[in-house]
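Each remark here refers to the structure printed beneath this line.
Quick note: numbers below take in every heavy atom, side chains included, and nothing from hydrogens, waters or symmetry partners. Order of the sequence lines sets the chain letters (A, B, ...), proteins ahead of strands, with each chain counted from 1.
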There are 2 protein chains.
Amino acid sequence: MKPKLTLKKIAKELDVSISTVSKALRDSSEIGEETRAKIKAFAKHYNYKPNNIALSLKNRKTKTIGIIIPEIVHHFFTTVISGVEKVANEMGYNVLVCLSDNSFDKEVLNMEMLANGSTDGFILSLAKETMQKGDYHHLAEVINQGMPCVLFDRVAEDISCDKVIIDDVTGGKKAVQYLIDIGCRKIALISTVDYVSVGKLRTHGYKQALAENGININEDLILKIEEMEDSEKEIEAFLKERDVDGVFAVNEHFAISAVKSIHDQGKKVPDDVSVIGFTDGELSKRFIPSLTTVSQHGMRMGEESARLLIEKLERTPSEDDYYKTIIVETGLVVRDSTKSRK
Amino acid sequence: MKPKLTLKKIAKELDVSISTVSKALRDSSEIGEETRAKIKAFAKHYNYKPNNIALSLKNRKTKTIGIIIPEIVHHFFTTVISGVEKVANEMGYNVLVCLSDNSFDKEVLNMEMLANGSTDGFILSLAKETMQKGDYHHLAEVINQGMPCVLFDRVAEDISCDKVIIDDVTGGKKAVQYLIDIGCRKIALISTVDYVSVGKLRTHGYKQALAENGININEDLILKIEEMEDSEKEIEAFLKERDVDGVFAVNEHFAISAVKSIHDQGKKVPDDVSVIGFTDGELSKRFIPSLTTVSQHGMRMGEESARLLIEKLERTPSEDDYYKTIIVETGLVVRDSTKSRK
DNA sequence: TTTCAACACGAAAACGTTTTCGTTCCAGTA
DNA sequence: TACTGGAACGAAAACGTTTTCGTGTTGAAA
C-alpha cells in the first residue's frame with residue numbers, strides 16, 4: 001500500500017522546491033526547459049494527481065454540485081439525476097445526491113451538511129412536507145450566502161432563484177383536449193391535494209380544456225388524493241360510483257389504478273373508457289395496455305438545471321444577475337390506453 | 001450576501017486567538033469558563049458551522065463515500081442507492097453518485113476523479129463492458145492505495161475486497177423449483193450472455209433445479225440475450241417457435257416481454273404458461289397480470305454495503321484485516337403470473 | 001520572599017495546493 | 001568595472017481547521 005504522491009514528496013525526491021514542482025506541472029514559463037521535463041516525467045511515471053480537497057480549499061470551490069430530491073425510487077427523479085449527471089460530468093463536476101424522503105427536517109439537514117463547503121451549488125425539488133409547511137428559510141439562507149440554487153419540478157414561487165419546470169397547465173390541458181378529441185365527454189380527474197403545486201396546476205389545465213370546449217365542469221368527477229398508500233382503494237371506490245368515458249390522472253400510479261378498477265368493473269380500456277396519465281416512465285410503457293401519457297422529459301429537466309447552475313457558478317457574480325425560469329415543454333405519448341382518433 | 005463565518009473572523013471579532021476559538025467550541029477544558037461561554041454564544045448567534053473542506057484536508061478524510069453504478073434509471077440500482085444513503089446518513093456520511101453508463105472508460109474516469117481525495121471509499125457495481133473486458137486495474141489501484149471498496153451485485157472474483165451479492169444460483173433454483181411444483185415441465189429460460197455473472201449463475205440455478213427433479217435440460221429452451229434493445233423481438237421470435245408451459249426470465253423486462261408475446265400468441269398467463277421474473281420492482285408489482293418474481297432486496301444490499309464500507313473506514317487498518325462476502329438471501333414473491341399451487 | 005503548579009491562553013505547524021514576491025546568478029551593456 | 005535585466009528558482013502566505021507546545025500570570029506552599 002503506497003500512500004498518495006504529493007508535490008512535497010516529488011520536490012524532495014527531485015531536490016527542488018515545492019513551488020518549482022507546481023509550476024513545472026502547470027507549464028509555467030518560469031521553469032527551465034530541463035527541470036520542467038524532468039519533473040513532468042517523474043510525475044507521469046508515478047502517476048501524480050493533485051489532491052482535490054486541497055484544490056477545493058485553495059480555490060474556494062469544490063467542483064461538486066448537490067442535488068436533493070424527495071425520493072429516488074421514482075422514475076421521474078432518476079431520469080432527472082441522469083440528466084444532471086450527464087452535463088455535470090461533461091463540465092468536470094461531480095454530483096452529490098441526497099434524499100429528503102419528503103421530510104422537511106431531512107431536507108434542512110441535508111442542505112446544512114452540503115452548504116458547509118461540500119458543494120458549490122444546489123439543484124433541488126422540494127419535499128412534500130416542505131411545500132405543505134411553506135417554510136423555505138433554509139433555501140433563503142444558502143442563497144443569501146451566495147450559493148446558487150436551481151429548483152426543479154416542485155418549486156416555490158416566493159424563492160428567488162433559477163427554476164426549471166414544465167408547463168403543467170398546458171400539459172394537463174393537452175391531455176384533456178386529446179380525450180375530448182377522441183370523443184370523450186364525461187372525463188374524470190384524479191389529482192392530488194392542492195398544496196402539491198403540480199396537482200393544482202394540472203387540475204387547472206383540466207378545467208381549462210373543458211371550459212374551452214363548452215363542457216361544463218362537474219366537481220363530482222374530480223378526486224383529490226392525499227395519501228399514496230390508500231390511493232388504490234380510493235380510486236376504485238370513486239370510479240365505481242361514476243359513469244365516465246375518460247380519465248385523466250396526474251401520475252402513473254393513479255392512472256394504473258384507474259385502469260385496474262375499470263377492468264374490475266367489467267369495462268374495457270380503451271373501448272369503454274380512455275385513460276391518460278402523467279409522467280412517462282417504464283411503467284407506462286410496459287403496462288398492458290400501455291398507457292397514453294403526458295411525458296415530462298426528466299432528462300431534459302436535469303440537463304437544463306445543471307446547465308443553469310454551472311453557468312451561474314462559472315461567471316463572476318458581479319455581472320448583471322437575474323433569475324431565469326426555464327419551461328420544458330411536455331409531449332403527449334399516445335399508446336394503447338386511449339381510443340384511436342376518429 | 002454575507003460570506004461564511006470562519007474561526008479567524010470570530011477570533012478577530014472577540015479579540016482572542018484562533019486556537020482559543022477552536023478549543024472553546026470543542027469544549028476544551030483549557031479554556032476558561034467565561035471566554036468559552038462568550039465564544040459559544042457568539043458562534044451560535046451567528047450560526048457558525050465549520051468548513052467541511054478544511055476539516056477534510058486536516059483529518060485526511062472526507063466523510064463521503066462514492067457509489068458508482070452502471071445506470072440509475074433502473075429500479076434495482078435506485079433501491080440500492082436508497083439503502084446506501086440511509087445508513088450513510090445515519091453515520092454522518094455523504095454519498096457521491098457516479099454513473100458509468102455501462103462503459104469501461106467512464107467507470108475508470110469516475111474512479112480516478114473520486115480517488116483523488118473526494119471520497120474515503122467506494123461502493124460499486126461493475127459496468128457490463130468492464131466485466132466483458134475483465135480489466136480491473138483501476139480497482140486494484142485504488143485498493144492498493146488503501147481505499148476500501150465494496151463490490152455489489154456485479155462483482156469480480158479476482159478482486160480482493162468486500163462484496164455483497166445475492167445467491168443467484170439459489171434464487172434461480174427457487175424460481176424454477178416453484179414452476180416445477182405448480183406442474184410445469186417445459187420450462188424456458190430467458191437469460192443474458194454468460195459474461196454477465198448474474199446471468200450465468202441464474203442459468204446455473206435453472207439447470208440445477210431441472211436436474212434435481214429429473215427433468216432433462218433442453219438447450220433449445222434457453223435463450224441468451226446480448227442487447228437490451230432488441231430483446232423484445234428476440235423473445236417474441238423465440239417463444240413463437242417453442243411449446244412451453246413455464247418461463248423463467250432473469251429480469252423484469254424479459255419477463256414482461258415474455259408475457260406480452262405469450263398473449264400475442266393467443267395464450268393465457270398464467271393459465272397456459274406461468275412466468276417468473278427476477279428483481280422485484282414497481283413494474284412487476286403493477287403489471288397486469290402482476291409478476292411472480294425472485295426479489296433481490298436492493299435496499300438491504302445497499303445497507304449492507306454501506307455498513308461494510310464504513311466499518312472498514314472507521315477502524316485502524318492495522319487490525320487483522322480480511323475481506324467479507326455477504327450473501328443477501330432472495331425471496332420469492334408470488335403474484336398473478338403463475339398458476340396457483342396444486 | 002522565593003518557587004512551583006495550575007490555569008488560561010497564544011504561536012505555529014500541519015494537511016496539499018497555488019501564487020506572489022523575492023533572491024540569486026549570469027550575460028550583456030555602458 | 002559597474003550596472004541592468006532577465007532567467008530560473010525558492011520562500012512564504014493563503015485557504016480553514018486542529019493540535020502541540022510554549023508562555024505569562026496567578027495563587028499557594030516552602
Side-chain angles (χ1 to χ4, degrees), chain A residues 2-40 42-43 46-64 113 115-120 145-146, chain B residues 2-40 42-43 46-64 92 113-120 145-146:
Chain A
K2 50 181 177 192
K4 273 255 151 192
L5 199 55
T6 67
L7 288 187
K8 194 192 280 191
K9 286 180 198 158
I10 300 183
K12 178 178 263 180
E13 205 67 33
L14 263 44
D15 208 44
V16 290
S17 79
I18 297 182
S19 15
T20 303
V21 179
S22 174
K23 288 173 195 163
L25 293 178
R26 325 201 97 241
D27 275 326
S28 160
S29 61
E30 277 186 64
I31 306 301
E33 194 56 55
E34 201 179 350
T35 10
R36 196 194 319 178
K38 184 178 64 178
I39 292 174
K40 293 188 84 168
F42 186 92
Y46 290 103
N47 193 30
Y48 168 78
K49 295 275 167 53
N51 179 306
N52 282 332
I53 296 292
L55 284 177
S56 296
L57 186 58
K58 182 105 241 294
N59 302 329
R60 276 108 148 277
K61 50 178 140 178
T62 61
K63 284 277 182 180
T64 302
M113 283 204 73
N116 298 316
S118 301
T119 47
D120 295 340
Q145 275 171 20
Chain B
K2 50 179 178 193
K4 272 257 150 192
L5 199 56
T6 68
L7 289 186
K8 195 192 280 190
K9 287 180 197 158
I10 300 183
K12 179 178 265 180
E13 205 69 32
L14 264 45
D15 208 45
V16 291
S17 79
I18 297 182
S19 14
T20 304
V21 178
S22 174
K23 287 173 195 163
L25 293 178
R26 323 201 99 241
D27 276 325
S28 159
S29 61
E30 276 186 64
I31 305 300
E33 194 56 55
E34 201 179 350
T35 9
R36 196 196 317 180
K38 183 178 62 175
I39 291 174
K40 293 188 84 169
F42 186 92
Y46 290 102
N47 193 30
Y48 168 78
K49 294 275 166 54
N51 179 306
N52 282 331
I53 296 293
L55 284 177
S56 296
L57 186 59
K58 182 105 239 296
N59 303 329
R60 275 104 150 274
K61 51 178 135 177
T62 62
K63 285 275 181 180
T64 304
M113 284 204 71
L114 302 194
N116 297 315
S118 302
T119 296
D120 295 340
Q145 275 171 20

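Rotation axes derived from the C1' atoms of the five outermost pairs at either end of the helix from dT1(C)-dA30(D) to dA30(C)-dT1(D) lie 90° apart, to the nearest 10°.
In this structure Glu30(A) satisfies the salt bridge (charged side-chain N to carboxylate O under 4.0 Å, His left out) test together with Lys23(A), sequence neighbours excluded.
Per the geometry, NZ belonging to Lys23(B) stands 12 Å off P belonging to dA8(C), to the nearest Å. Note: CG (Asn51(A)) to C1' (dA14(C)) measures 14 Å, nearest angstrom. To the nearest angstrom, C1' of dC15(C) lies 16 Å from CG of Asn116(B). Regarding Lys12(B), its NZ atom lies at a distance of 17 Å from the C1' atom of dG10(C), rounded to whole Å. dC9(C) atom P lies 12 Å from atom CG of Asp15(B), rounded to whole Å. One atom, NZ of Lys9(B), and another, P of dA14(D), lie 14 Å apart when rounded to the nearest Å. Distance, Asn52(A) CG to dC15(D) C1': 15 Å, rounded to whole Å. Taking atom CD of Glu30(B) as the reference point, atom P of dT23(D) lies 15 Å away to the nearest angstrom.
Within the structure, a side-chain polar atom (N or O) of Arg60(B) is placed less than 4.0 Å from OP1 or OP2 of dG16(C). Under 4.0 angstrom from either OP1 or OP2 of dT17(C) there lies at least one side-chain N or O belonging to Tyr48(A). Taking 4.0 angstrom as the limit, Ser17(A) places none of its side-chain polar atoms (N or O) nearer than this to OP1 or OP2 of dC9(D).
The shortest side-chain heavy-atom distance between Leu7(B) and Leu25(B) falls under the 4.5 Å cut-off. Residues Leu5(B) and Ile10(B) are in side-chain contact: their nearest non-hydrogen atoms beyond the backbone lie under 4.5 Å apart. Considering only heavy atoms from C-beta on, Val21(B) stays 4.5 Å or farther from Lys8(B) through its side chain.
For Arg36(A) against Ile31(A), the heavy-atom pair with the smallest separation is NH2-O, 3.3 Å. For the residue pair Ile53(B) and Leu57(A), the shortest heavy atom distance occurs at CG2-N, 3.6 Å.
Of the two residues contacting DNA chain C, namely Val21(B) and Arg26(A), the nearest-nucleotide position lying further toward the 5' end is that of Val21(B).
Ser19(B) comes within 4.0 angstrom of a nucleotide base, judged by non-hydrogen atoms across all strands. Contact annotation for Thr35(A): backbone-only contact, meaning every heavy-atom pair under 4.0 Å involves sugar-phosphate atoms and none involves a base. Among the atoms of the strands shown, only primed sugar atoms or phosphate atoms (P, OP1, OP2) are found under 4.0 Å from some heavy atom of Leu55(B). At the heavy-atom level, Ser22(A) lies under 4.0 Å from base atoms of the strands shown.
Here the CZ atom belonging to Arg60(B) is positioned 13.0 Å from the NZ atom belonging to Lys4(A), to the nearest 0.5 angstrom.
Not a single donor-acceptor contact under 3.5 angstrom links the side-chain atoms of Lys4(B) to the base of dG16(D). Judged by atom type and distance alone, Lys8(B) does not reach the base of dT17(D) through any side-chain donor-acceptor pair under 3.5 Å. For dT18(C), its base sits under 3.5 Å from the side chain of Lys58(A) at one donor and acceptor pair at least.
Under a cut-off of 6.0 angstrom, the local environment of NZ in Lys61(A) is sparse, with at most 12 non-hydrogen atoms contributed by other residues, nucleotides or ligands.
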